[in-house]
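We count ligands from 1, going down the list as the structure has it; atoms in each ligand are counted the same way. Bear in mind the structure is a predicted one, so any value in this text is a computation, not a measurement.
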Amino acid sequence: MVDPNFPAFPPDFLWGTATASYQIEGAVDEGGRGPSIWDSFSHSPGKIARGDHGDVACDHYHRYREDVELLRELGVGAYRFSVAWPRIQPDGKGPANAEGLDFYQRLVDELLRAGITPCLTLYHWDLPQALEDAGGWRVRDTAERFADYAALVHAALADRVPMWGTLNEPYCSAFIGYSEGRHAPGAREGHGALAAAHHLLVGHGLAVQAMRAQCSGPADRQRLGITLNLNHVTPATPDPADVAAAARAELLYNRVFSDPILGGRWPTGERELWSPISDFDFRRDGDLELIGQPLDFLGLNNYFPSYAKHAPTADELTEHRVATAINVVENPPAELPRTAMGWPVEPAGLGRLLRWLRDGYPGLPPIYITENGCAYPDELDADKQVEDPQRVVFLDQHLRAVHAAIADGVDVRGYFCWSLLDNFEWALGYSKRFGLVYVDYPTQLRIPKASYRWFRELIARR
Ligand code: IFM
């Protein structure tokens, strides 16, 4: 039950849930869809826990009506989903595949019939494999192809979708995908990963330009933005070495993306930090303006705070080429509880992050929290129900932190819980459950958890 003293959010605050195409859709060979880097990666031995892959996932491609019904019953005002690029352009270029567009048109129409605002993300990591074969995000051509793709989707759906996000979490695409190698395409590079980060930013800028060019006037102007995963960074100790480490971590986790997009500047110190691995030859004149054009919203994903500690020797570091160069390890306070992902739980960290954004980026657009949530080892009980009290506490506390930040003057307009459904958690496969709704994968039965009922009650209070 929702605490009767839970603070009231503004009446027009947007409540939603989020998902992503490869994590829920399945149907990887249907509707003319081409292969993505995640199909290739998840079918490479040893890359995903238990050998899982997204071939079926939550079978949302076939069950989307049932899933929209779950959203309607939940009472959300909005639903954030992503479009699979290889459904629209199976090999990453050329005209739109009508069958691919048709799936998202049906989904959007179903949402609108249920009174739910569709919030579309163009890229949540499923790059067409053909583009990776041609260099992937390491090469500028991929940014240009992304803008073409954005224009195709926008032309088909702009009349019904008011909120458009270009990229989801470019940090993960660039650094987990091209440097750590834990995500597709599984590369372990330094310069290549920094080039990928830059071309993702350029792709964002080009896509915003392409979509703006298709908006005929203020009346049908779409709200365009991007979703960044940012973390508030604190030095693990007051030791000057850790204070310096925190500045380097903040550069890697946040400023590589937030400074050019929101601040119109390249982050201070990046060239010095990464000069051993890159000469930044991928930058072109005019890129900063392209990347930093005005946005209508910032999507913010946050799950945990960072506590950065100086790591004096390479032995202490992970296999992360870009991070290896920054000599930082995470060292959160031992007393913080952890989720099933091992992530420290500290709701105040989200509040600190919101204030960091407000204070560091004058002219910041309104913020939507486009993801926040937690994985816990949820299980069906004898009555085939799922009690997930830890998730309820997590959501309650994080929402209180958001409320306090709003009261403090941070312009936060909405909150999307990650996720509607348990789903394919990337390298960890189906072993981690983030959903408000439990998915029994063998039967594809959807079973709303106690947290679903809690979130429904919270939304209904308005
Ligand atoms: O599942 C992911 C999602 O795809 C991107 N943000 C973080 C989530 C939890 O790891």
Exercise. If you look only at pairs with a residue in residues 24-35, which of them pass as a side-chain hydrogen bond (donor to acceptor under 3.5 Å, both in side chains), with sequence neighbours excluded?
Worked result: E25-R87, E25-Y104, E30-H62, R33-D39
For this session: Please name all residues satisfying ring-ring contact (aromatic ring centres under 6.0 Å, His included) with Y376, sequence neighbours left out, ordered by chain then number.
Result: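 Expected list: none.
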For this session: With a 4.0 angstrom cut-off on heavy atoms, strictly below it, pick out the residues next to ligand 1 and order them by chain and number.
Result: Q23, H124, W125, N168, E169, Y303, W343, E371, W418, E425, W426, F434
Exercise. After noting the C-alpha distance and the side-chain angles of W137 and Y123, does the key distance pass the ring-ring contact (aromatic ring centres under 6.0 Å, His included) rule?
Worked result: CA-CA 12 Å; W137 288 107; Y123 186 74; 5.4 Å; yes
For this session: Answer with yes or no whether the side chains of E330 and S306 bring together a donor and an acceptor at under 3.5 Å.
Result: yes
Problem set entry | Donor-acceptor pair, side chain of R160 and main chain of A156, under 3.5 angstrom |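 Present.
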Problem set entry | D91: salt bridge (Lys or Arg N to Asp or Glu O under 4.0 Å) partners, not counting sequence neighbours |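 With sequence neighbours excluded, D91 shows a salt bridge (Lys or Arg N to Asp or Glu O under 4.0 Å) to no residue whatsoever.
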